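Protein chains get the first letters and strands the later ones, always in sequence-line order, with residue 1 at the start of each. From a predicted model like this one, the values you see are computed outputs, not experimental measurements.
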Number of protein chains: 2
Amino acid sequence: MSEKTTLTDAVHTLLRRAIIEQALKPGMRLPEDTVGDQFGVSRTIVRHALVRLENEGLVVTRRNRGAFVAEPTLEEAKQIFEVRRALEAEVIRILAERMPESGYDQLRAHVRSEESVRGKDGPVSIRLAGEFHTLLAELTGNAVLARYVSEVVLRCSLIMAMYAKSHSSDCAVDEHLQIIDAIRDGDVARARDIMDHHLGAVADRAELEEKPDSVSTILSRYGKELAS
Amino acid sequence: MSEKTTLTDAVHTLLRRAIIEQALKPGMRLPEDTVGDQFGVSRTIVRHALVRLENEGLVVTRRNRGAFVAEPTLEEAKQIFEVRRALEAEVIRILAERMPESGYDQLRAHVRSEESVRGKDGPVSIRLAGEFHTLLAELTGNAVLARYVSEVVLRCSLIMAMYAKSHSSDCAVDEHLQIIDAIRDGDVARARDIMDHHLGAVADRAELEEKPDSVSTILSRYGKELAS
DNA sequence: TATCCGTCAATTGGATACAATTTGCTTGAT
DNA sequence: ATCAAGCAAATTGTATCCAATTGACGGATA
């Protein structure tokens, strides 16, 4: 009585993880046939999964060209961070008001797992850092809010993967603990400040480094000038 | 050089409009071949459109049962309104800081079109009231924010269609003008208060009336108890 | 008569086949 | 040598086909 998940869901989840963990890098093509063969499913399934991923902003599709892993511009990145800050402020407001019983236990357990990979700046670190925020949002009990937070967190992970060289999650884990404490104290303002600083630091760090790689993006700019 | 839109997009847009305007009522079944025959396209197209609509929260699909127009519960409705309030507060904050030049003209033009249908509590009224908020969000220049606002506004329209008997958009139009003025004055607090009152009133009105119709929903609850 | 079980129609889940469109390359002319 | 036109390959867009699952109807049984 397991197997209640559809194939589309499975492919969707796998592709999402692959993108977040940088196995599939931004700008990389995602031909339906190739992905389908790889997973042993038909194009139909892959297509459905790609439609979902497009809605989540993780891939972009060009007409008759196919799907690509999204390459968020700095402008998009700013917009996403702006929305994320607003959404997470709401999360904090709600949690300070009503936190479920096992909430703190779950949060601390997650932080522990984050600490267990401290030092390793791999994709797992990025994923765990993001999942902390997702967990926070889920604890509000507001599924809609949790869904949106999850989406922006995932897109932020993609942005970090593109722009940031080292994620250096050391301070992040520490700030996660501070946020938990502030919420427990009912100090909304402080929790929000820490969260703003947390996100702001991440955004600033990303902004400083621009993108050294991603040849296609760089060339597309020069190509734009040639077109005129 | 027209026809740049795919069939899936067309069906998706049409279905969405039909749902928002209550041509397709909540709980109504959406068999793929029926819809396909109706529009003269294949099931594949309808299927893709339904996947998108599901992602937007306007339809729900049950495994091997098919797609239905979503019937948001009161709990879901509260969650959506909660998120909407947070998102629109951010919209106001941004607009008070930086409003594009033609912004006020566009807003006033829209309000005029809202006034032109004053008195008629039809689906057009609901749609226009929603589009005001969407326009507001688009003026921020933040595409991500605009997208999320658009989604929650659409879902709110569906909620209103379910729970509210008369939309009575008279006061709404007036409050729209007040919001514009408050933003122009740079009075974020006032604009936010009006917006909160605006949304709160809508939510409260919906909450009072419960739902008298929708037999299937009522019976499904009793059915749930039988299942245990 | 109410409950249980088996068969069947209806509908979706998924795969394959065909058509349309784009891209890149080859070929030829200037 | 460069550019344009056209052809071929690849990929997506769409339709059709088979299989699996679900819900309903009806008969059998206690």
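Rounded to whole angstrom, the span from the NE2 atom of B:His48 across to the P atom of C:dT12 amounts to 15 Å. In this structure, A:Asp37 atom CG and D:dA10 atom C1' are separated by 14 Å, rounded to whole Å. Following rounding to the nearest Å, A:His12 (NE2) and C:dG13 (P) show an atom-to-atom distance of 17 Å. Distance CG (A:Leu7) to P (D:dA19): 17 Å, rounded to an integer number of Å. Atoms CG (A:Leu30) and P (D:dT11) sit 12 Å apart, rounded to a whole Å.
In this model, the phosphate group of C:dG13 is approached by a side-chain N or O of B:Arg47 to a distance below 4.0 Å at OP1 or OP2. Contact annotation: B:Thr8 side-chain N/O to D:dT14 OP1/OP2 distance is under 4.0 Å. Taking only side-chain nitrogens and oxygens, A:Arg63 never comes nearer than 4.0 Å to OP1 or OP2 of C:dT22. Within the 4.0 Å cut-off from OP1 or OP2 of C:dT12, not a single side-chain nitrogen or oxygen of B:Arg65 is found.
Ring geometry, A:Phe132 versus A:His176: the interplanar angle falls under 30°, so the pair is classed parallel (tilted spans 30 to 60°).
Counting only heavy atoms from C-beta on, A:Glu32 has its side chain closest to D:dT12 among C:dT16, C:dG14, D:dT12. Residue A:Asp33 has its side chain nearest to D:dT12 when only D:dT22, C:dT12, D:dT12 are considered. Closest approach to the B:Asn64 side chain among D:dG13, C:dG14, D:dT21 is made by D:dT21 (side chain taken as heavy atoms from C-beta onward).
When B:Glu82, B:Glu75, B:Glu76 are each tested for a side-chain hydrogen bond (donor to acceptor under 3.5 Å, both in side chains) with A:Asn142, only one passes: B:Glu82.
Contact annotation for A:Arg62: no contact, since no heavy-atom pair falls under 4.0 Å across all strands.
For B:Arg29, there are no side-chain hydrogen bond (donor to acceptor under 3.5 Å, both in side chains) partners at least two apart in sequence or on another chain.
Ion pairing between A:Arg127 and A:Glu131 holds under the 4.0 Å rule for side-chain N and carboxylate O.
The base of D:dG13 sits within donor-acceptor range of the side chain of A:Arg43, with an N or O pair under 3.5 Å.
At most 12 heavy atoms of other shown residues, nucleotides or ligands fall within 6.0 angstrom of atom CZ in A:Arg62.
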